[in-house]
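Remarks on the structure that follows.
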Amino acid sequence: MYGFINTCLKSLVVEKYGEEVWEKLRLQAGVQDTFLTFEVYKDEITMQLVDKACKVLGVPADMVLKEFGEYFFEFCKRSGYDHMLRTLGGNLYEFIENLDALHSYLSLSYQEMNAPSFRVEKNEDGSMHLHYYSDRRGLYHIVPGIIGAAALDFFNIEISMEIVNQTEEEERTGKKEHIVFLVTQNPVLPYKERKKYSSSPPYLADSEKQSETQLNNEDPEKAKNTIRDRGNLVCPVKKSHWKTIRGIITLGRGKLLRGFDPVYPKSLWIDTKTFCNGLPFHMVFDKELRVKQAGVSIQKIVPGLQTMGICLDQYFSIVHPEVPFTISSIQKFINSQFVFQTRREMMPESWKQRPMLELRGQMIWMESLQCMLYLCSPLLRTLHELEERQMHIADIAPHDVTRDLILLNQQRLAEMELSNQLERKKEELRILSKHLEEEKKKTEALLYAMLPQHVANQLKEGKRVEAGEFKECTILFSDVVTFTNICAQCEPIQIVLMLNTMYLQFDRLTTVHDVYKVETIGDAYMVVGGVPVPVSTHAERVANFALGMVIAAKGVENPVSGNPIQIRVGIHTGPVLAGVVGEKMPRYCLFGDTVNIASRMESHGVPSKIHLSSSTYQCLKYKNFEMTERGEIEVKGKGKMHTYFLVRNKAATENEIMGRPVKDTDSGHE
């Protein structure tokens with residue numbers, strides 16, 4: 001199928017159910033996201049999408065296909081085929097009767113189109129039998145959706161369609177699905193008329209029934225004709241201006257006649273030679289398929305036709321509709337367009353390398369002569385196909401629009417090719433844009449890992465980042481105990497692996513507790529809370545992060561002793577100045593005495609302990625943290641300071657501190 005069909009199916013799902021449902025459906029079906037309009041795709045892709053749509057939406061296949069049929073009709077109108085569809089016929093019967101002709105026209109552009117075939121029969125009661133033929137099995141539920149939508153939109157009638165027969169017929173190209181629908185029509189009344197009938201006691205159906213009964217009693221023949229005429233009515237109930245004057249023909253000077261009766265001459269005023277030259281592509285054959293007459297151009301292409309009386313099926317095969325080459329089969333499909341193809345084995349030896357010629361036209365049964373007239377034209381799409389068959393425009397009669405069609409279609413195919421190229425380029429650009437967006441996100445993620453987001457955005461825009469003062473924040477420093485001795489006794493790669501294992505866990509904890517990692521220098525790790533985004537809970541966040549650090553360090557192995565490593569942690573709270581330093585590899589740095597004191601808390605700390613200054617202690621004093629007093633100690637450059645140790649968070653478990661998923665003991669769910 002062409003990409004147009006799959007694009008329509010995608011549009012239906014996205015419009016009615018959302019992008020998420022389409023993405024889910026597409027992934028389950030294992031197909032691409034976009035389809036090119038003029039590209040041919042395997043039928044299995046469409047079948048897969050329909051099958052997955054049924055499962056994802058929980059809707060039966062017949063309902064999905066019917067909804068698709070209704071939407072496909074609207075999609076075709078939106079895609080520029082509205083005017084073409086409206087002009088197919090003046091009523092539903094004519095509309096269906098000319099669907100094959102529309103498919104035949106579209107096949108000039110969509111050369112690999114394998115469209116279904118339709119044949120319609122009128123019944124005496126006004127209903128119709130619609131015959132549907134298709135190589136694709138299981139898609140016949142689309143038909144009621146399309147025909148129902150067209151009937152309501154174009155002819156203002158509601159129809160009901162039920163399957164009365166379903167068979168598989170053996171054709172030359174294989175088995176063909178043949179479905180027969182019974183189509184019954186119910187006119188849709190305008191609002192005012194519906195209101196009038198609904199407000200009066202008798203219903204419309206009852207009043208019609210009473211009228212029919214009365215008419216039957218008075219004049220049975222008239223009643224029969226009235227019912228038949230009503231059944232044949234396939235246009236709106238509301239009379240239009242054009243319906244009122246339909247059939248009025250102006251003859252002579254102001255003479256108006258209702259109805260039209262053609263006038264035929266007593267004898268045919270055209271000689272045989274003129275007829276065969278004027279209609280160069282025509283054939284007349286009898287019930288036994290013996291050729292009685294042929295146009296001059298078709299004789300030139302198929303020299304065997306110059307021998308009158310030869311059988312037509314020796315030189316031609318029927319391509320469409322796919323029926324046996326018998327007069328009864330042709331009469332059965334007489335309202336369809338017939339496509340004949342020349343048989344290669346009957347062509348002159350020197351012509352057998354040429355592509356076979358196809359003829360397209362209509363059949364007219366001549367009852368008086370008991371013969372069939374085939375009025376046709378060569379089925380050629382482009383000038384290239386004309387040249388391949390060594391034909392010229394001059395071989396086609398001047399009145400035959402096939403001449404114009406070939407030239408116009410040549411231009412249309414060129415436009416389609418250009419449109420196809422543009423569509424491909426558009427798809428390539430969409431994919432490149434998608435990849436570019438993904439790479440941009442990766443770059444931004446890397447940039448935001450190095451600098452605060454608002455600072456990075458300002459730098460990207462080329463703006464200068466002003467230093468900012470923060471009146472209160474909490475800073476943490478940590479280092480590894482005996483790190484110098486470990487470095488002296490290990491290979492460098494072992495040190496890198498140890499620090500990487502430890503820092504990966506610390507980095508994860510910064511996300512868990514929403515603190516900002518400032519930098520790492522060797523074994524030193526620096527974190528701040530309340531910068532660059534001021535928050536009132538900066539001390540609690542950093543305290544919980546510190547508790548997580550001590551727990552995480554126990555899982556990192558000392559490469560020398562094989563025991564868990566030990567870290568010292570120091571925390572201090574106070575004011576800082578923060579800003580970006582440098583242009584190459586810019587860093588977001590903190591300045592002020594608070595940084596120095598936090599560093600002293602770490603250097604004067606105890607292994608596996610969290611050392612707090614008095615300012616941090618005051619912030620955590622009433623926050624459910626257990627702390628012990630260390631007392632006064634001598635701090636280098638600061639003199640005596642009263643410090644404390646952070647023991648634990650009394651309101652949080654170890655899993656909560658580490659950001660591990662907590663399981664519900666009752667349900668077992670995380």
Side-chain angles (χ1 to χ4, degrees), residues 8 65-106 115-132 140-164 179-198 203-205 207-208 225-248 259-260 335-337:
C8 174
L65 291 171
K66 185 179 180 183
E67 187 176 4
F68 173 71
E70 293 169 353
Y71 188 83
F72 181 70
F73 173 74
E74 292 297 327
F75 190 77
C76 288
K77 286 171 59 183
R78 276 190 258 160
S79 301
Y81 295 100
D82 181 32
H83 193 65
M84 189 183 294
L85 290 168
R86 285 183 185 278
T87 54
L88 279 185
N91 55 50
L92 185 60
Y93 176 82
E94 293 173 356
F95 177 84
I96 299 172
E97 194 177 42
N98 285 283
L99 281 176
D100 278 13
L102 175 64
H103 288 151
S104 179
Y105 166 74
L106 292 175
S117 181
F118 297 91
R119 179 168 64 87
V120 63
E121 300 169 343
K122 281 184 180 178
N123 301 322
E124 286 190 3
D125 61 354
S127 63
M128 296 184 291
H129 278 113
L130 171 59
H131 297 259
Y132 163 82
Y140 54 88
H141 290 293
I142 294 175
V143 178
I146 296 176
I147 302 298
L152 190 60
D153 192 326
F154 293 163
F155 311 112
N156 198 34
I157 55 173
E158 287 182 345
I159 63 168
S160 58
M161 295 179 65
E162 60 175 300
I163 297 171
V164 294
I179 310 294
V180 183
F181 294 94
L182 176 64
V183 184
T184 53
Q185 307 170 18
N186 309 303
V188 177
L189 295 176
Y191 175 74
K192 288 183 179 178
E193 292 190 33
R194 287 202 303 268
K195 189 175 180 182
K196 180 177 71 176
Y197 282 111
S198 62
Y203 292 96
L204 176 61
S207 62
E208 285 184 352
N225 293 335
T226 303
I227 293 169
R228 188 190 306 118
D229 291 343
R230 183 183 297 148
N232 289 335
L233 182 66
V234 287
C235 54
V237 171
K238 184 179 179 181
K239 290 187 177 181
S240 66
H241 171 69
W242 295 110
K243 184 180 176 184
T244 305
I245 66 168
R246 179 182 291 175
I248 298 178
F260 171 70
N335 290 324
S336 300
Q337 280 193 338

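Bear in mind the structure is a predicted one, so any value in this text is a computation, not a measurement.
- Nearest approach of K77 to L85, heavy atoms of both residues: CG-CD1, 4.4 Å.
- A side-chain donor-acceptor contact under 3.5 Å links N91 to the backbone of Y93.
- For D153 (side chain) and A149 (main-chain N/O), no donor-acceptor pair under 3.5 Å exists by modelled atom type.
- A distance of 12.0 Å separates CD1 of I96 from CD of E121, quoted to the nearest 0.5 Å.
- The aromatic rings of F118 and H103 sit tilted, their planes meeting at an angle between 30° and 60°.
- In plain terms, the two heavy atoms of G69 and I146 that are nearest each other are O-CG1, 3.3 Å.
- Rounded to the nearest 0.5 Å, atoms CD (E67) and CD (E70) are 7.0 Å apart.
- Between the side chains of S127 and T184, no donor-acceptor pair of N or O atoms lies under 3.5 Å.
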Show your working on side chain to side chain contact (heavy atoms under 4.5 Å, CB included) between N335 and R119 and close with a plain yes or no.
-> CA-CA 8 Å; N335 290 324; R119 179 168 64 87; over 6 Å; no
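- We find the CZ-OH distance between F73 and Y81 to be 14.5 Å, quoted to the nearest 0.5 Å.
- For C8 against F68, the heavy-atom pair with the smallest separation is SG-CE1, 3.6 Å.
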Derivation of the side chain to side chain contact (heavy atoms under 4.5 Å, CB included) call for I159 and M128 | CA-CA 11 Å; I159 63 168; M128 296 184 291; over 6 Å; no
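- Taking the six-membered ring where the residue is Trp, Y140 and F181 present tilted rings, their angle falling between 30° and 60°.
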Candidate pair D100 and Q337, rule side chain to side chain contact (heavy atoms under 4.5 Å, CB included), full reasoning | CA-CA 7 Å; D100 278 13; Q337 280 193 338; 5.9 Å; no
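- Counting heavy atoms from C-beta on, the side chains of L99 and I147 come closer than 4.5 Å.
- Looking at heavy atoms from C-beta onward, E94 lies out of side-chain contact with L88 at the 4.5 angstrom threshold.
- Using a 4.5 Å cut-off on side-chain heavy atoms (C-beta onward), L182 and M161 make no contact.
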